[in-house]
Amino acid sequence: MRNLLFIAIAIIISSCATNYSAVNIPAGQTVELDYPNYEVYKASLKNRALKGIEVAVLSKQNERQIRGFGLGMKAKADVMVEMGNKLSLRNNNSSAVKIDLGIAEESAAVFEKEGQYVSLYLLNKSAESIPLIIPTVMNPNLSPFSRSGVDLKVGQEILFRARGKRYVLLTVDDSIQEGEELDVAVLLEKRKEELGL
């Protein structure tokens, strides 16, 4: 059973400022962060290591994953966490990983979405990590054999990088159903064929 390291650092966070600190995640362990005084907070993550970690927002009530993704080596991402949930950082590697963490209080209005959004899952059924770029949202690194939940606006592009350039993997549209699972490895292979990459 995976070791669980629980850190409650709400007391050291001032109410308005963003604080940055280094968080060390031991090999094979999970660090869970909880800021119960915030209605909503934004966690800004920067992976300083050459190995990826798993990032998830979990329900404090039943441990169910609300959303999650892989944060690749040297990658950055912002994660919104609402009251009733906690942030989970999992290190499945054989050595410790250090990340920079910034916390900023946000208004619940950030979850009031304008336009049409779709909740979907990005699957990676392959044995290789798949780095993606979702402009203005995050740059997830899909770990091997993973399933990452995201809420994306209709019209949002999902990009990938090849040969030093960015290419559109897909654009979210009405053809994607709520809760649909997209096999990114298959989509990526087809798209690279179409582009002659």
Side-chain angles (χ1 to χ4, degrees), residues 1-14 17-36 38 40-60 63-82 85-106 121-151 158-162 164 166 169 184-185 188:
M1 188 170 168
R2 184 179 291 115
N3 291 327
L4 179 67
L5 181 63
F6 184 79
I7 299 176
I9 56 177
I11 3 183
I12 64 171
I13 303 298
S14 63
T18 300
N19 292 294
Y20 293 90
S21 57
V23 176
N24 190 57
I25 310 170
Q29 293 194 7
T30 297
V31 171
E32 290 185 346
L33 303 166
D34 185 15
Y35 299 86
Y38 291 161
V40 176
Y41 64 89
K42 176 174 72 175
S44 297
L45 306 169
K46 181 178 180 183
N47 186 355
R48 295 165 59 182
L50 294 175
K51 298 176 180 178
I53 63 167
E54 296 298 316
V55 178
V57 175
L58 305 176
S59 166
K60 288 193 279 189
E63 298 294 318
R64 183 175 62 87
Q65 181 172 312
I66 308 301
R67 65 188 73 88
F69 58 91
L71 183 68
M73 62 179 186
K74 301 292 185 181
K76 298 177 185 179
D78 290 334
V79 185
M80 304 302 293
V81 185
E82 53 273 71
N85 297 331
K86 59 187 175 181
L87 180 64
S88 172
L89 307 174
R90 188 172 72 233
N91 177 9
N92 292 325
N93 301 296
S94 57
S95 58
V97 170
K98 189 176 284 187
I99 65 158
D100 289 330
L101 171 68
I103 298 295
E105 187 173 13
E106 292 284 345
Y121 294 94
L122 303 175
L123 306 183
N124 180 6
K125 296 182 179 180
S126 75
E128 301 292 325
S129 292
I130 302 176
L132 296 175
I133 303 155
I134 308 177
T136 73
V137 179
M138 63 180 161
N139 296 337
N141 187 59
L142 303 183
S143 299
F145 310 108
S146 66
R147 179 179 187 258
S148 300
V150 290
D151 293 337
I158 299 177
L159 311 176
F160 69 96
R161 188 175 275 116
R166 292 180 175 192
L169 174 64
V184 176
L188 189 57

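- The shortest distance between side-chain heavy atoms of D34 and K60 falls below 4.5 Å.
- Scored by the salt bridge (Lys or Arg N to Asp or Glu O under 4.0 Å) test, R147 finds E181 as partners (sequence neighbours excluded).
- With sequence neighbours left out, the side-chain hydrogen bond (donor to acceptor under 3.5 Å, both in side chains) criterion links K74 to no other residue.
- Residues E106 and E82 fail the side-chain proximity criterion, which asks for heavy atoms closer than 4.5 Å.
- Between L159 and I134 the shortest side-chain heavy-atom distance does not fall below 4.5 Å.
- With a 4.5 Å cut-off on side-chain heavy atoms, M80 and V40 count as touching.
- Side-chain atoms of N93 come within 3.5 Å of backbone N or O of G52 as a donor-acceptor pair.
- Taking CG of L87 as the start and CD of E32 as the end, the distance is 9.0 Å to the nearest 0.5 Å.
- In plain terms, the two heavy atoms of L132 and F160 that are nearest each other are CD2-CB, 4.4 Å.
- With hydrogens and angles disregarded, a donor-acceptor distance shorter than 3.5 Å links the side chain of N91 to the backbone of I25.
- In this structure P131 satisfies the side chain to side chain contact (heavy atoms under 4.5 Å, CB included) test together with N141, sequence neighbours excluded.
- Every residue two or more places apart in sequence or in another chain that forms a side-chain hydrogen bond (donor to acceptor under 3.5 Å, both in side chains) with S59 is listed here: N62.
- Note: L122 CG to S148 OG = 6.0 Å, rounded to the nearest 0.5 Å.
- From E63, atom CD reaches atom CG of N85 across 10.5 Å, with rounding to the nearest 0.5 Å.
- Taking all atoms of both residues into account, the shortest heavy-atom contact from L142 to L123 is CD1-O, 4.5 Å.
- S129 is listed as a side-chain neighbour of P144, based on a closest heavy-atom distance under 4.5 Å.
- Taking the side chain as every heavy atom from C-beta outward, V57 and K86 never approach each other to under 4.5 Å.
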Let me have the donor-acceptor pairs involving side chains of residues 94-103, under 3.5 Å, with sequence neighbours excluded, atom names and distances please.
| unit_1 | atom_1 | unit_2 | atom_2 | d |
| --- | --- | --- | --- | --- |
| S95 | OG | K51 | NZ | 2.8 |
| D100 | OD1 | R48 | NH1 | 3.1 |

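- In this structure, the side chains of D78 and L45 stay at 4.5 Å or more apart for every pair of heavy atoms.
- The backbone N or O of S143 sits less than 3.5 Å from a side-chain atom of N124, completing a donor-acceptor pair.
- Under the side-chain hydrogen bond (donor to acceptor under 3.5 Å, both in side chains) criterion, K76 pairs with no residue, sequence neighbours left out.
- For the pair R166/I133, a side-chain contact is recorded, criterion being any heavy-atom separation below 4.5 Å from C-beta on.
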